[in-house]
Structures are given as structure tokens and as C-alpha cells.
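See below for the structure under consideration.
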Amino acid sequence: MEIEKILTAKIADSFNELFNEKVLESSIKLEKTNKDHIGDYTFVVFPFLRISKQKPEETANAIGNYIKSNCEFISNFNFVKGFLNIELSDNFWLTFLKNNYNNSDFGKNQVGKGKTVMVEYSSPNTNKPLHLGHLRNILLGYSISEILKFSGYKVVSANLINDRGIHICKSMHAWATGNGETPESSQLKGDHLVGKYYVEFDKTYRKEIEELKKKGIEDDEAKKIAPSIVKAQQMLVKWEKNDPETIALWKKMNEWVYSGFEQTYKRLGVSFDKYYYESNTYLLGKDTITEGLQQGVFIKENDGSVWIDLTYEGLDRKLVLRADGTSVYITQDIGTAQLKYHDTKMDKSIYVVGNEQDYHFKVLKLILQKLKKPYADGIYHLSYGMVDLPSGKMKSREGTVVDADELMDEMHNTAAKLTGQLGKTDGFSNTELNNLYETIAMGALKYYLLKVEPVKRMLFNPEESIDFHGNTGPFIQYTFARISSVLKNLNSTYTVDVSAPLHQTEKELLRSLSLFTHKTKAAAQTYNPSLIANYMYEIAKNFNRLYHDLSILGEQVQALKENRLAICILSANVIKKGMQLLGIKVPERM
RNA sequence: GGUCCGCUAGCUCAGUUGGAUAGAGCAACAGAUUUCUAAUCUGUGGGUCAGGGGUUCGAAUCCCUUGCGGAUCACCA
């Protein structure tokens, strides 16, 4: 923010004037004043005592005096030991308010100006419906996309669908041995129907393994020769040979899954600019391997397999092509990275993928760097921790996986119940009520998953997630509704009077609001939506304190009232925009 | 075994590039509403920032080390 630059410049001047020594502005650091002290910014003088050759108190006092008489924005200063607390004038804060309360671009930053970024997220398998873990991925991916857009990037979102391989053949085989039910005949969402057959496959398969073991066959062997898995593998071979019947079944079941996913995406409010399918990309990358062999980046073994040696980088030797010439996972990703660059020419490429693939992405980036690909340095793995339940890890085998669609329904019902109890929705139509419940439910769920820093493993506590008090989405939504309620009957035009006095709670709220640009910038630079989420909470809390302490519409002094209304408008704008960056809607009434 | 990540109040989490007496929410207890929405606000209690060492005016934050939890190191994806 500009004021910080002004202050650091003044402080640098003061060293020159008072102690006759030049100090780099970049070495002067300002921080927020601790709440137990009076002031807005604090300058710590300890590192500069060598220059002043005075005691901390004397140094702070001298600098304070100098900058106060040389900067109109500073109304006062105080110091405790080496901490120089600088107090900005009410006029400064009101000028800030005046300049920004009606500025719809407030909070934007320029870190991505002129650059393009691709954000890959969701990236599901087509054999089962989405669960809680996918939700964290999708919400993170969507939110970081919004944050990057707000930071000046051109954002291209991408979904790389894993639509081929043994997992989908398992569902296909199980379905083929069933009675031919469809989403229509079963009234099941397509992804759930396919998921049902995936589970069914697994049941049969395990039963077969048990039976084989009873006959004295070893576990490893049983897993290989069980009839189901053999059939599924045969199906995969047929698929790879383009067998028309198999392809038709594969297409049919995948379509079911896609229409199911689309419903879930729509409900979550996300969509993608590009879809990539592994069935189209799984053969890519081999050319790049040949290229790398010529460059000497890869090594070919006698059996024909191709490797890269990353031991110098502290990693291992990694296979990039099998002896029979077929691809492995990383080969595909090398090819897909090339394809993405061909399509989008992006400066940065973000992969929202769980932290179990940290190693994989480290290797991928390293390989592409060694191949001197222009897009290699722009690769960033937005890694996130697993979502645990109070009972421990989610395990599909034990049926403890939290289904995304069911979870959203439960949240919706809870929102409806609680909203009904509060009885503030007179005059709402049924449609409006349903929209409101959905807004609150999604707000609660999204906020709950986004407020935790991505790198951290997190706990999903069902009871806590439907609590709408405290640090929650609905709390912030409620704050917005309160502001809307104050602003709804405004008709007169009004202005900000920059010479009026400010109440302490107003000043504190303004100070928080002034940080919005900082926060969006930091969130974009560190790919971290939780910074925005926690900031939203800070704003809401500060506003609620003001709302409680001061009357807005009842304020008798016209200038104070108008200033306060402008604060409401700015608060509402920041909340609405910030929540939008998280993919959360805010209601005017709730 | 190698590598990576995490560890902050009973529980869930914040804590900008190192700064003053480490903060919120939930839970517990005590209060506040003739008023612009009480899904709110105020207060009380609650801590060896996993342990130890180092760097320095100053460390939850940086470095080393130990412990605990998790992940990963496949001719799987």
C-alpha cells in the first residue's frame, strides 16, 4: 500500500537528516502495531542503533519527531523501548474510504498482469462418484482460479479425466454381468450407478480370492488368477485393441458418469474451460522421451527400458519408458504438459493434486527442466493434505467415505432447519427459500474446507461443519445480510467528509479493510485461499463489533452518519468480493 | 532405510518478510437486546508453540538434532 512507501521514505530521510547516514528503504520494515498499543504502524529501531549511536528510546523519539513534522498523515507517535508506534490521522483513513468505497476494483492486484496460467483441478476417475476429498480439491482449484483472475492473470481451467484403465474396466465387467440397469431405470445419478458396480466388482473379486485361498493358493497368486480380475484385464486388452463392443460399453458408462459429475460441478458452481481425457493422452510423451535420449537426459538400458537418474538431485532413478516401449504414468504427464503448452502457451501451470503425489510432481518438473522445456519453471504443484474424519482416514473398503452429493444434501437440510427455527424469512417464496438454504449450506461447506491452509491435513467433523456460529461461512454471510439490511432503504446521495472524527471501532475496521489488496496479492503469490477465508472472518468480526457499538442509521450528526454508511458499503463490497474469491455467495437477507 | 510434509489451549484452527504480554472459534461459566437482523456482541478461565541445542538486541517463525503422525521412494495410476 502506498502509505507504507511514504512512511518508509520518510524514515529513510530521517536517518539521513538526523544521523547523516543513508539507509536503504528496502531495509526499513514496517509492521502492524500490536493491538495493545496505540498506533497503526510500528517501526522497530533496534537494528539501526549502530547508526544512531543512541539508546533505543532516544532513537525512536528523534525519528518520530522528524517524520511527524514531515508527513501530514501522521497525527501522533509514541514509543516503548525500541518500538516506534506511528498513528495515522483520521483524515488519512477517511481519504482512503472516500477513494475506495465506491470502487468496484478495490482489492485487485497486478501480480499476474499480462500472464496466462492454467489451473488443472478435480481430475476424477470415472469409476466412482465424488467424495469429500474431491471436494477439497475442487474448491481449492476453483478458488485459486478466481484469486488469480483477480490478480490480473488470464486463467484457463482444465480437468484431466482419468477415463481409461483397469479401474473402469472393473465397473464395466461388473455391469456387463448384471441386468442392464441404466440411470433412468434405476433412478440413480450416473456416477453413483457406475460406482455401485465398481463396489460390486470388488465384492465379487474378494470373495473369489477367499475361495481360492481356501483351496491352498497363495494370496498373491489368488489376486492374479481370480476370474473377475482376469475378465477385467481381458476387457482392457480389448479396449486397447479398439474392440467395437467394448468401446461402446466404455463410452456409454463414461457418459453416465460425466452427466453425474456435471450435476455435482454445477451445484458447486464450478466449470472448466478445457477437458483433457487420458484415453487421448495416455500415448503421449514417447516422442519427448526419444528427444531426451538424443539430448542425453535419459539413459537406455540393455533391455530397452528408459530411465532418468535423479540421484544427484537427491531423488532416485526413475523409469520413463518400459522395456516393451509402453508408457508409464510419468510419460503421460510429460506428454500432457507438452500438449497443454501447445494449446495454451501459459506462463504458469498449476496442478491441484493431493500431497501423496508430491514426489511425482517434483520428478515431473525436474525432468522437464532438464529437457529445457520453456514451461518447466512455471509448473507448480498445489499440494493439499488429506481430509480425515473423526473416526480416522476415509476408507472405501470400510464404507467410511463421505459422498459429496449426500453431504451437500445434508448441509442443505440443516440450513433449512436452522433457518426455519430463526424465523426471519417472512415473505420468501419457496424458490427463494430453497436458494437461501442452498447458499447457506454451500457457504458453510466451502468455507469449512477452504479456511484451512492447503498444505495441512485436515479434520472434517460433521457436527462442527454444520455449526453456523463463530468462524464459519454463514457467520460471514450473516454479516453481509446485516449490512444489506442497513443499506436497503438508502435513497439520498451522500459523500464522505474527510474532516470528520472517527470512532475507534470505525478506524479498526477501516484498517482491516485497507489490507484487502495485500491479502489478495499474498493469496495469489502463495496459492493459498485460506488467507482470504481468514481475512473474511476478520472483516466480519470487526464489522459486527462496530454494528453492536455504534448506531448507523440512528446517528444524529449527518456527516458521521454518511461516513458510517460509506464504511458499510466498503465492508459489503469487500465481503462480497472476498467470498466470491472463495466461490461463496452472500445473501441480502437470511 | 532415503526423501518430503505436518506438530500452537481439552477439540478445530489463525499467527505477513524473525519483534512488544502467542490469538480466534467450539466446549465451560458470567453478562448484554423497548434499537439498523441475538446465525450477534462483551467478559472469565484455559499454553513448556512436540523435546533439546544453535544463530541474535530479539525465535512459534531461520539452522541442526530427537520424538510423534502422515505420505512417498513400483516396468501401478
Side-chain angles (χ1 to χ4, degrees), chain A residues 29 31-37 42 44 46-47 49-50 56 80-83 85 125 162 164-167 278 282 301 303-307 311 314-324 326-330 332-333 354-360 362-363 383 385-386 388 390 393 415 418-419 421-422 424 440 448 451-453 455-461 463-465 467-472 474-479 481-489 515 518-519 522 526 530-531 533-535 537-538 540-541 543-545 547-555 564 568 589-590:
Chain A
K29 289 166 189 167
E31 35 205 281
K32 243 176 85 177
T33 298
N34 183 302
K35 68 172 183 179
D36 296 334
H37 296 84
T42 294
V44 184
F46 291 115
L49 296 181
R50 258 180 306 177
V80 181
K81 289 183 279 186
F83 298 92
N85 301 317
N125 291 351
N162 185 1
R164 63 165 288 279
I166 190 69
H167 63 272
E278 283 198 16
Y282 81 109
E301 289 292 317
D303 66 356
S305 60
V306 181
W307 297 76
T311 48
L315 305 176
D316 302 273
R317 261 168 66 92
K318 185 87 183 169
L319 179 89
V320 293
L321 208 59
R322 292 192 187 103
D324 63 5
T326 57
S327 304
V328 288
Y329 183 44
I330 196 118
Q332 275 183 56
D333 268 359
N355 64 4
E356 73 272 21
Q357 294 198 31
D358 284 355
Y359 183 80
H360 173 76
K362 201 181 256 188
V363 170
S383 169
M386 297 293 104
D388 287 328
K393 289 174 75 167
L418 293 179
T419 306
Q421 284 170 3
L422 291 169
K424 295 181 183 178
I440 295 170
Y448 189 87
K451 73 176 173 182
V452 180
E453 212 182 336
V455 70
K456 286 185 177 162
R457 200 180 177 92
M458 68 171 289
L459 184 81
F460 184 85
N461 185 331
E463 284 173 32
E464 206 177 282
S465 70
D467 186 353
F468 295 166
H469 303 272
N471 188 1
T472 64
F475 169 76
I476 297 159
Q477 290 174 320
Y478 175 71
T479 308
R482 276 184 142 181
I483 302 172
S484 301
S485 172
V486 172
L487 296 176
K488 70 183 168 195
N489 292 323
L515 296 173
H518 269 321
K519 299 290 180 178
T526 59
S530 79
L531 292 178
N534 286 299
Y535 174 66
Y537 179 58
E538 180 189 324
K541 229 177 11 172
F543 182 85
N544 279 316
R545 186 174 301 127
Y547 184 92
H548 178 269
D549 291 354
L550 303 173
S551 181
I552 300 162
L553 296 175
E555 172 59 51
R564 213 162 281 161
C568 287
R589 277 182 66 192
M590 68 183 274

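- Under the Watson-Crick or G-U wobble criterion, with both distances below 3.5 Å, B:A14 has no partner in any strand shown.
- The separation between A:N85 atom CG and B:A20 atom C1' is 9 Å, rounded to whole Å.
- For B:U55, there is no paired base (Watson-Crick or G-U wobble, both distances below 3.5 Å).
- With a 3.5 Å ceiling on both atom-pair distances, the Watson-Crick or G-U wobble partner of B:C29 is B:G43.
- Stacking annotation: A:H167 is not stacked on the base of B:A77 (requires ring centroids less than 5.5 angstrom apart and an interplanar angle below 30 degrees).
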Please list each protein N or O that sits under 3.5 Å from an N or O in nucleotides 35-38 of chain B, with the distance.
| from | atom 1 | to | atom 2 | distance (Å) |
| --- | --- | --- | --- | --- |
| B:C36 | O2 | A:I552 | N | 3.4 |
| B:C36 | O2 | A:L553 | N | 2.9 |
| B:C36 | N3 | A:I552 | N | 2.9 |
| B:C36 | N4 | A:Y547 | O | 2.6 |
| B:C36 | N4 | A:L550 | O | 2.4 |
| B:U37 | OP1 | A:S485 | OG | 2.0 |
| B:U37 | OP2 | A:S485 | OG | 2.9 |
| B:U37 | O5' | A:Y547 | OH | 3.3 |
| B:U37 | O2' | A:Y478 | OH | 2.3 |
| B:U37 | O2' | A:R482 | NE | 3.0 |
| B:U37 | O2 | A:K424 | NZ | 2.5 |
| B:U37 | N3 | A:M590 | O | 2.9 |
| B:U37 | O4 | A:M590 | N | 2.9 |
| B:A38 | OP2 | A:R482 | NH2 | 2.4 |

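- For B:C7, the paired base is B:G67 (Watson-Crick or G-U wobble, both distances below 3.5 Å).
- The side chain of A:V455 lies closest to B:C5 when the candidates are B:A77, B:G19, B:C5.
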Each nucleotide of nucleotides 60-71 of chain B classed B (base within 4.0 Å of a protein heavy atom), S (only sugar-phosphate) or -, in 5' to 3' order, makes ----------SS
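- When each of A:M458 and A:Q332 is assigned the nucleotide of RNA chain B bearing its nearest heavy atom, the one mapping closer to the 5' terminus is A:M458.
- Note: A:Y329 and A:H360 meet the aromatic proximity criterion, with ring centroids under 6.0 Å apart.
- Where A:T42 and A:N162 meet RNA chain B, the nucleotide closest to each residue was compared, and A:T42 sits on the side nearer the 5' end.
- B:G1 and B:C73 make up a base pair, with Watson-Crick or G-U wobble contacts both under 3.5 Å.
- In summary, the side chains of A:N544 and A:R482 do present a donor paired with an acceptor at a separation below 3.5 Å, with no hydrogens or angles considered.
- Straight-line distance from the CD1 atom of A:I330 to the C1' atom of B:C75: 14 Å, rounded to whole Å.
- The cationic atom of A:R164 (NZ for Lys, CZ for Arg) lies less than 6.0 Å from the six-membered ring centre of A:Y282 and within 45° of the ring axis.
- Regarding A:L459, its CG atom lies at a distance of 14 Å from the C1' atom of B:G10, rounded to whole Å.
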Protein-nucleotides 14-16 of chain B N/O pairs under 3.5 Å:
| from | atom 1 | to | atom 2 | distance (Å) |
| --- | --- | --- | --- | --- |
| B:A14 | OP1 | A:E453 | N | 2.6 |
| B:A14 | OP2 | A:K456 | NZ | 2.9 |

